[in-house]
Amino acid sequence: MQRSNFSRRSVLAGAVGLAAGAAVGTGRASATPRERSAADRVTAITHVTVIDATGAPAQRDMTVLLRDGRILAVEPSRRVGVPPGADVIDGRGKFLIPGLANMHNHTFDGEAIEPPLNIANGITTVREMSANADVTRWNHEVEAGTRLGPRWTIGSPIVDGSPSLWEGLGAPYIAVATPAEARATVRAQKAAGADFVKVYTRLSRASFYAIADEARRQRIPFLGHVSDFVQLTEASDAGLASVEHLFQVWYDTSSREDELRRAITSVPIAGGEYNGWLNKMHPYEYAAARSFDRHKAAGVFARLARNGTRVTPTLVLHTFTDLPGDTPMNDPRYAYVPATTQEFWQYALDMIYLDGRTPEQDARGREIFERRLRLVHDLDRAGVPLMAGTDNGTAYLVPGFSLHDELARLSQAGLSNMRVLQTATLEPARYLGARDRGTIERGNVADLVLLDADPLRDIRNTTRINSVVVGGRVIDPAARQAMLDKVRKAAAAAVPGSAVTAARCAC
């Protein structure tokens, strides 16, 4: 598990008087905000509706006190006063939720784009799915307090089989041909500081199990794609921490599993044949989806739930891979993305996702996506923990904004709006082992999002962001708008590339 970066300090409990009508004392009631230190400064969000993401009903007319980057109190407004000199945010008519997490991300657009777009969209935690030196540096600066941004958990480069789907395409990857190479890679990535090992689609069965065993020995999580040569349930039993995407889930739940597995393991896939893999595997995935066995699936999902294996569905990715022809070309949010990235998007759409695609695939893709929605609903009902992730870096997904698109897709799949919210708050915190994050409770880190509308009524209201609180620092509406304006200018000023010849998406 990723360790929390915060100590178990007291949250200054003695400073809070919680008797009815009591004011919250600071010990220096006469001091002005300028005179008090930043650590003593209190922020009060008053008369707000708190949606704490624990699953409890919304709590109306609450006051939330923040100090020193922590939540000091969460109490009915009638029971708690505001200390003299506190910064007060009027929460009337507003809704407070925990800071959001994007649990499947690839960063490509630089420090002027991605950190501020995440924060402006209320995203305070990001799981980076491939090694990235820039993100590692940003994370150190965030932890040191010299940069405003989310906290990142950062994985290894892709660890794929040999030949790899990414051979020659430009994305960072490690190809392992033997179990010995697989074990050495786990050790090397732990030594390099990776928070987890990212496994990929074409790992041989022997190499996959070698990674699983070595990761257990080295006490480092491994997670990612389920190999074409390993069952989903086998991967879960071996300790795969989270399943990324829904590509391989249906084979285990198919009444034709044995037949289809023989077929997919015999399909010839050359190095760099990502487009070929998508096209060649499509008929088998379609057959597996259509032969879904509900009784068999119940056993598979119960096994995942029992093992605590998370699933990150990345429905916004599947919207693109299943229905590439429906991709919007004029989304106004593209203004926040440099022209070079948009050039790559067009290249990836044409050369990876549309090349060789048939009208029959388009029709099947629409059916497959509808079945994916039902699959996500079934996973949730079976108690499999789901996490919200987007696969930013894949074409036409805008950093920050796309997480809200994913939440809308999860709602479309039939999850309650509370469960949808938990996929981006409570569940990521549990996965990361961060007991002081993911919910709004006394003592927790003050990562919060203040909304102008109720997300439990309509999950799309997570986009109605008024303010964001990051480690206790308030980004008010004016500061948030200034942040977005600055990103737009930076994107417009980026120099377009002359050509895009390599796929940058590392997923």
Side-chain angles (χ1 to χ4, degrees), residues 1-2 4 6 11 45 48-66 69-76 91 94-103 118-119 121-127 150-151 153 242 308 310-313 376 380 383-390 403-404 406-411 413-472:
M1 292 292 186
Q2 172 69 15
S4 169
F6 292 88
V11 192
I45 306 172
V48 71
T49 297
V50 172
I51 301 171
D52 63 17
T54 65
Q59 305 169 74
R60 303 190 182 281
D61 196 16
M62 302 291 286
T63 290
V64 179
L65 301 179
L66 315 176
R70 295 275 176 171
I71 298 172
L72 198 61
V74 184
E75 292 289 331
K94 296 180 174 58
F95 300 81
L96 194 66
I97 64 173
L100 302 171
N102 183 350
M103 296 301 284
N118 277 299
I119 294 302
N121 279 281
I123 299 168
T124 57
T125 298
V126 174
R127 187 173 64 168
R151 289 181 181 266
T153 297
S242 69
R310 271 75 174 179
V311 174
T312 314
V376 169
D380 180 60
V384 177
L386 304 179
M387 300 193 297
T390 61
L403 181 71
H404 299 279
E406 179 70 8
L407 299 183
R409 289 297 193 194
L410 290 167
S411 178
L415 275 65
S416 72
N417 288 337
M418 175 60 79
R419 285 297 300 137
V420 173
L421 189 61
Q422 288 177 327
T423 68
T425 55
L426 176 68
E427 293 296 351
R430 284 176 171 172
Y431 165 83
L432 293 169
R435 296 181 179 179
D436 54 1
R437 292 177 179 272
T439 58
I440 302 177
E441 299 177 85
R442 177 176 172 174
N444 279 10
V445 175
D447 287 347
L448 305 164
V449 188
L450 187 64
L451 303 175
D452 285 326
D454 186 358
L456 298 185
R457 182 177 295 274
D458 185 338
I459 199 64
R460 292 172 296 183
N461 287 334
T462 61
T463 65
R464 301 277 302 278
I465 297 173
N466 177 281
S467 302
V468 180
V469 182
V470 189

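The model shown is predicted, which means the values in this text are computed figures rather than measured ones.
Of the candidates Thr463, Thr462, Asp458, Asp458 is the only one forming a side chain to side chain donor-acceptor pair (under 3.5 Å) with Arg460. With Arg437 as reference, Asp447 is the one residue of Asn444, Asp447, Thr124 to meet the side chain to side chain donor-acceptor pair (under 3.5 Å) rule. Leu448 pairs in a side chain to side chain contact (heavy atoms under 4.5 Å, CB included) with only one of the listed residues (Val50, Ile71, Val48), which is Ile71.
Of all heavy-atom pairs between Leu450 and Leu96, the closest is CD1-CD1, 3.9 Å. The two residues Thr425 and Gly438 come nearest to each other via the heavy atoms CB-O, 3.4 Å. Residues Ile119 and Ile123 share a closest heavy-atom pair of CD1-O, 3.6 Å. Nearest heavy-atom pair, Asp436 versus Arg70, reported as atom, atom and distance to 0.1 Å: OD2-NH1, 3.1 Å. The minimum heavy-atom distance linking Ala388 with Leu407 is given by the pair CB-CD2, 4.0 Å. Pairing each heavy atom of Pro98 with each of Asp52, the nearest pair is CG-O, 3.8 Å.
Inter-residue side-chain proximity for Pro455 and Asn417 is flagged as unmet; no heavy-atom pair is nearer than 4.5 Å. Between Thr423 and Leu415, some side-chain heavy-atom pair lies under the 4.5 Å cut-off. Under the 4.5 Å side-chain criterion, counting only non-hydrogen atoms from C-beta, Asp454 is in contact with Ile51. The closest side-chain heavy-atom distance from Leu100 to Leu403 is below 4.5 Å. Side-chain contact between Glu441 and Val74: absent, with no pair of heavy atoms (C-beta onward) separated by less than 4.5 Å. The shortest distance between side-chain heavy atoms of Val376 and Leu386 falls below 4.5 Å. Looking at Asp452 and Asn461, their side chains never come closer than 4.5 Å, going by heavy atoms from C-beta outward. Here the side chains of His404 and Ile465 are in contact, with some heavy-atom distance below 4.5 Å.
Put simply, the side chain of Arg60 never gets that close to the backbone of Thr49: no donor and acceptor are under 3.5 Å apart. Distance alone, capped at 3.5 Å, is enough to place a donor-acceptor pair between the Arg310 side chain and the Gly308 backbone. In this structure, Asn466 contributes its side chain and Leu451 its backbone to no donor-acceptor pair below 3.5 Å.
Going from atom CG of Leu66 over to atom CD1 of Ile45 covers 5.0 Å, rounded to the nearest 0.5 Å.
The closest side-chain donor-acceptor pair between Arg127 and Ser242 falls under 3.5 angstrom.
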Would you sort out whether Arg409 and Thr390 count as a side-chain contact (heavy atoms from CB on, under 4.5 Å), showing the intermediate values? CA-CA 11 Å; Arg409 289 297 193 194; Thr390 61; over 6 Å; no

Any chance you could lay out the salt bridge (charged side-chain N to carboxylate O under 4.0 Å, His left out) test for Glu427 and Arg419, step after step, and finish with the verdict? CA-CA 9 Å; Glu427 293 296 351; Arg419 285 297 300 137; 3.7 Å; yes

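In this structure, Arg457 forms no cation-pi arrangement with Phe95, as its terminal cationic atom is not both closer than 6.0 Å to the ring centre and no more than 45° off the ring axis.
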